[in-house]
Amino acid sequence: QRLQNDPTNTLLLSSAVKSDLFRIGLKPPHEWSDETMGELARIQTLVDKMLIAEPSDTDLLVFQTQLRWFQLNSESIRGEGHGLVKSAERYWADWKQAVKGKKMTPDLSLTEARLEETLGNVYYGSGDPAKARDAWNSSASKLRAINSRNLSFIAMQAILAHHLNQKEDA
């Protein structure tokens with residue numbers, strides 16, 4: 001109701017789209033319908049507009065990247081590989097440009113690791129395991145350099161170790 005009264009309120013809009021994304025994330029990506037993918041695209045458009053209005057908002061940048069991460073993973077799992085590598089590479093380049101000059105907080109670093117892991121997944125799914133390993137190794141080395149005991153970091157490190165067949169770290 002409040003959002004209808006003030007559709008320019010980015011705090012309310014951000015909260016609304018985050019709850020939409022959380023709801024979507026409760027289902028595994030292989031169960032997402034075309035309708036779900038359309039809802040992700042709608043949310044992405046809203047977040048993109050919010051970032052244009054507030055380009056220095058790192059929380060929005062992280063959220064935008066989480067959305068794209070969801071989309072890329074889902075498209076990869078659903079076998080929608082047509083143009084997916086180019087899309088993932090373009091988004092990776094956009095991300096690198098967006099964080100250029102920003103202090104890499106733990107949240108930004110973890111988001112970057114997730115995005116790079118997804119890039120590796122896309123490469124792997126497209127039949128390029130060498131590029132996949134390069135992306136996963138790059139992401140893993142960045143996380144190791146941070147040396148965080150945060151559970152999200154540990155989980156991401158375990159996922160990357162699994163991808164890299166490093167059983168002792170998985």
Side-chain angles (χ1 to χ4, degrees), residues 1-29 32-78 80 83-122 135-136 138-143 145-157 159-160:
Q1 175 68 17
R2 280 193 252 162
L3 190 55
Q4 289 174 343
N5 293 337
D6 184 8
T8 62
N9 187 323
T10 56
L11 181 61
L12 286 176
L13 187 56
S14 178
S15 295
V17 294
K18 284 179 182 178
S19 66
D20 288 346
L21 183 62
F22 179 77
R23 184 182 39 74
I24 290 169
L26 292 174
K27 271 184 151 177
W32 292 355
S33 65
D34 290 338
E35 181 180 317
T36 303
M37 294 304 290
E39 191 169 350
L40 277 175
R42 177 191 62 80
I43 294 169
Q44 184 75 46
T45 300
L46 288 171
V47 172
D48 290 348
K49 287 179 183 176
M50 287 190 289
L51 259 172
I52 289 169
E54 298 187 36
S56 63
D57 189 329
T58 55
D59 289 338
L60 278 175
L61 180 62
V62 167
F63 186 58
Q64 179 193 51
T65 304
Q66 289 170 334
L67 279 164
R68 193 63 187 130
W69 175 70
F70 265 43
Q71 289 170 317
L72 289 169
N73 273 319
S74 174
E75 290 166 5
S76 180
I77 289 168
R78 290 163 42 113
E80 298 173 10
L84 193 55
V85 169
K86 286 189 187 313
S87 179
E89 289 174 336
R90 186 173 39 255
Y91 196 74
W92 177 246
D94 291 347
W95 165 263
K96 294 306 283 181
Q97 185 63 37
V99 297
K100 191 176 191 175
K102 288 190 176 20
K103 181 181 186 295
M104 289 302 284
T105 64
D107 202 24
L108 284 176
S109 297
L110 183 59
T111 300
E112 182 167 292
R114 286 178 174 151
L115 185 58
E116 197 166 19
E117 184 260 345
T118 299
L119 181 63
N121 293 347
V122 169
W136 295 331
S138 173
S139 182
S141 68
K142 289 174 191 170
L143 288 178
I146 295 169
N147 194 25
S148 174
R149 300 314 311 157
N150 176 293
L151 290 179
S152 296
F153 277 79
I154 293 168
M156 191 72 239
Q157 288 171 320
I159 290 167
L160 291 163

Could you tell me the separation between the CD1 atom of I159 and the CD atom of Q157, rounded to the nearest 0.5 Å?
10.5 Å
Heavy-atom pair with the smallest gap, counting every atom of S148 and I154
O-CG1, 4.3 Å
Scanning both residues in full, the closest heavy-atom pair of I146 with S109 reads CD1-CB, 3.3 Å
Taking atom NZ of K102 as the centre, does the number of heavy atoms from other residues, nucleotides or ligands within less than 6.0 Å exceed 12?
yes
What's the spacing between W136 CH2 and T118 OG1 if we round to 0.5 Å?
10.5 Å
Distance from L60 atom CG to L46 atom CG, nearest 0.5 Å?
11.0 Å
Nearest heavy-atom neighbours spanning A98 and L61
CB-CD1, 3.7 Å
Identified side chain to side chain contact (heavy atoms under 4.5 Å, CB included) partner of V47 from the options Q66, Q64, R42
Q64
Donor-acceptor pair, distance only, cut-off 3.5 Å: does the side chain of W92 make one with the backbone of L115?
no
Are T111 and W95 side-chain neighbours, meaning at least one heavy-atom pair lies under 4.5 Å?
yes
Straight-line distance of T45 OG1 to M50 CE, nearest 0.5 Å
10.5 Å
Separation of R114 CZ from N121 CG (nearest 0.5 Å):
13.0 Å
Could you tell me which non-hydrogen atom of L21 sits nearest to which non-hydrogen atom of I43, and how far apart they are?
N-CD1, 4.1 Å
Reported OH-to-CG distance for the pair Y91 and L67, which is rounded to 0.5 angstrom:
8.0 Å
Which atom names give the shortest non-hydrogen contact between S138 and S141, and what distance separates them?
O-OG, 3.0 Å
Apply side-chain contact (heavy atoms from CB on, under 4.5 Å) to residues E116 and K142 and explain how you reach the verdict.
CA-CA 10 Å; E116 197 166 19; K142 289 174 191 170; 3.1 Å; yes
E117: which residues meet the salt bridge (charged side-chain N to carboxylate O under 4.0 Å, His left out) condition with it, sequence neighbours left out?
none
Salt bridge flag under 4.0 Å for residues R68 and D94:
no
Non-hydrogen atoms of W32 and I24 that approach each other most closely:
NE1-O, 3.3 Å
